[in-house]
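No hydrogens, no waters, no symmetry mates; every other heavy atom, side chains included, goes into these values.
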Amino acid sequence: MKNVMDILLTMDESRLEASTRDIEMKRLSEETGEKVVFTCCSLSMDKYVQIKESATNGDEIDTLELQIFTIIEGVKNPNFKSDELMGRFKAATPKELVKKLLRPGEINRIFEIISELSGFGGDTVQEIKN
């Protein structure tokens, strides 16, 4: 069995790039009559820390803020920071746009998908039993 250090030293760094997943937004597809697909992307450690800090008030994390900021950063298409998209829906901020376009359950599910892509989940690490 190879030494872990040797394995990591020979690893192709390009394999560490962000993971992505396309998801269809069924309600929006039905409402528009066209397939609406969002592209979700894993978060970097720096972006995760920034989001967590933005959603923290004192010692408490605001779950909805955490979810919305995660969506703003983790959904690459559509771009919730787009002035054109915010203008179309009369949203002053990306956060307001997310709240206008998505329902609470959709926000929660997209957050879960981005979290899974970012390594949160039960199957990302496996304990070895002797």
Side-chain angles (χ1 to χ4, degrees):
M1 187 158 114
K2 276 187 168 180
N3 178 319
V4 174
M5 188 69 125
D6 292 335
I7 295 169
L8 293 175
L9 287 171
T10 60
M11 183 177 179
D12 181 0
E13 192 175 345
S14 68
R15 298 189 60 112
L16 297 175
E17 293 177 4
S19 302
T20 61
R21 185 181 307 164
D22 289 336
I23 58 171
E24 182 181 358
M25 301 304 300
K26 291 182 181 180
R27 179 183 59 84
L28 295 175
S29 292
E30 290 171 7
E31 290 178 8
T32 63
E34 296 186 50
K35 196 171 188 177
V36 176
V37 176
F38 285 9
T39 301
C40 299
C41 182
S42 60
L43 301 173
S44 68
M45 179 58 77
D46 290 341
K47 193 56 71 177
Y48 169 74
V49 170
Q50 178 186 1
I51 290 168
K52 196 168 179 182
E53 287 173 355
S54 296
T56 302
N57 187 4
D59 290 338
E60 294 188 25
I61 295 176
D62 183 321
T63 303
L64 182 58
E65 294 282 306
L66 180 69
Q67 291 175 332
I68 290 173
F69 290 141
T70 297
I71 289 170
I72 291 167
E73 296 299 334
V75 173
K76 296 304 175 191
N77 188 30
N79 178 0
F80 286 105
K81 297 177 185 177
S82 161
D83 290 333
E84 183 178 9
L85 198 55
M86 287 190 291
R88 166 64 183 88
F89 290 97
K90 297 176 181 63
T93 64
K95 180 176 152 183
E96 191 177 315
L97 179 61
V98 169
K99 288 180 176 181
K100 283 187 173 204
L101 278 178
L102 303 174
R103 292 184 176 160
E106 294 167 333
I107 289 172
N108 187 62
R109 184 62 189 125
I110 295 168
F111 170 78
E112 288 174 352
I113 290 167
I114 295 167
S115 295
E116 288 170 16
L117 289 169
S118 300
F120 294 95
D123 63 345
T124 56
V125 176
Q126 182 175 350
E127 183 178 341
I128 298 175
K129 297 181 182 182
N130 291 334

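How far CD1 of Ile110 is from CD1 of Ile71: 5.0 Å, rounded to the nearest 0.5 Å. Atoms CD1 and CD1, on Ile114 and Ile72 in that order, are 10.0 Å from each other to the nearest 0.5 Å. The line from CZ of Arg21 to CG of Leu117 is 4.5 Å long, rounded to the nearest 0.5 Å.
The shortest distance between side-chain heavy atoms of Asp83 and Met86 falls below 4.5 Å. By the 4.5 Å heavy-atom criterion applied to side chains, Leu85 and Asn79 are not counted as neighbours. Between Glu73 and Ile51 the shortest side-chain heavy-atom distance falls below 4.5 Å. Residues Leu101 and Glu106 form no side-chain contact, since every pair of their non-hydrogen atoms from C-beta on lies 4.5 Å or further apart.
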Checklist entry - Where do Thr20 and Lys76 land on the side chain to side chain contact (heavy atoms under 4.5 Å, CB included) test, with the steps shown first? => result CA-CA 9 Å; Thr20 61; Lys76 296 304 175 191; 6.0 Å; no
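Here the closest heavy-atom approach between residue Ile68 and residue Lys99 is recorded as CD1-CE, 3.6 Å.
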Which atom pairs, one a donor and one an acceptor, fall under 3.5 Å between side chains of residues 55-63 and the rest of the protein, sequence neighbours left out?
{"from": "Thr56", "atom 1": "OG1", "to": "Lys52", "atom 2": "O", "distance (Å)": "2.6"}
{"from": "Asp62", "atom 1": "OD1", "to": "Leu64", "atom 2": "N", "distance (Å)": "3.1"}
{"from": "Asp62", "atom 1": "OD1", "to": "Glu65", "atom 2": "N", "distance (Å)": "3.1"}

Extract all donor-acceptor atom pairs below 3.5 Å that involve side chains of residues 32-43 and protein atoms in other chains or at least two apart in sequence.
{"from": "Thr32", "atom 1": "OG1", "to": "Leu28", "atom 2": "O", "distance (Å)": "2.9"}
{"from": "Thr32", "atom 1": "OG1", "to": "Ser29", "atom 2": "O", "distance (Å)": "3.4"}
{"from": "Thr32", "atom 1": "OG1", "to": "Glu34", "atom 2": "N", "distance (Å)": "3.2"}
{"from": "Thr32", "atom 1": "OG1", "to": "Glu34", "atom 2": "O", "distance (Å)": "3.0"}
{"from": "Thr39", "atom 1": "OG1", "to": "Asp22", "atom 2": "OD1", "distance (Å)": "2.7"}
{"from": "Ser42", "atom 1": "OG", "to": "Ser19", "atom 2": "N", "distance (Å)": "3.0"}

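The backbone N or O of Lys90 lies less than 3.5 Å from a partner atom in the side chain of Lys100, making a donor-acceptor pair.
Under the 4.5 Å side-chain heavy-atom criterion for ILVMFWY residues, no single connected hydrophobic cluster contains both Tyr48 and Ile107. In the hydrophobic clustering of ILVMFWY residues, with side-chain heavy atoms under 4.5 Å counting as a link, Phe89 and Val75 come out together. Placement of Met45 and Phe120 within a single hydrophobic cluster is found when ILVMFWY residues are connected by side-chain heavy-atom separations under 4.5 Å, directly or transitively.
Annotation for Met5: atom CE does not count as buried by contact number, only 12 or fewer foreign heavy atoms lying within 6.0 Å.
Residues satisfying the salt bridge (charged side-chain N to carboxylate O under 4.0 Å, His left out) criterion with Glu112, sequence neighbours excluded, are Arg109.
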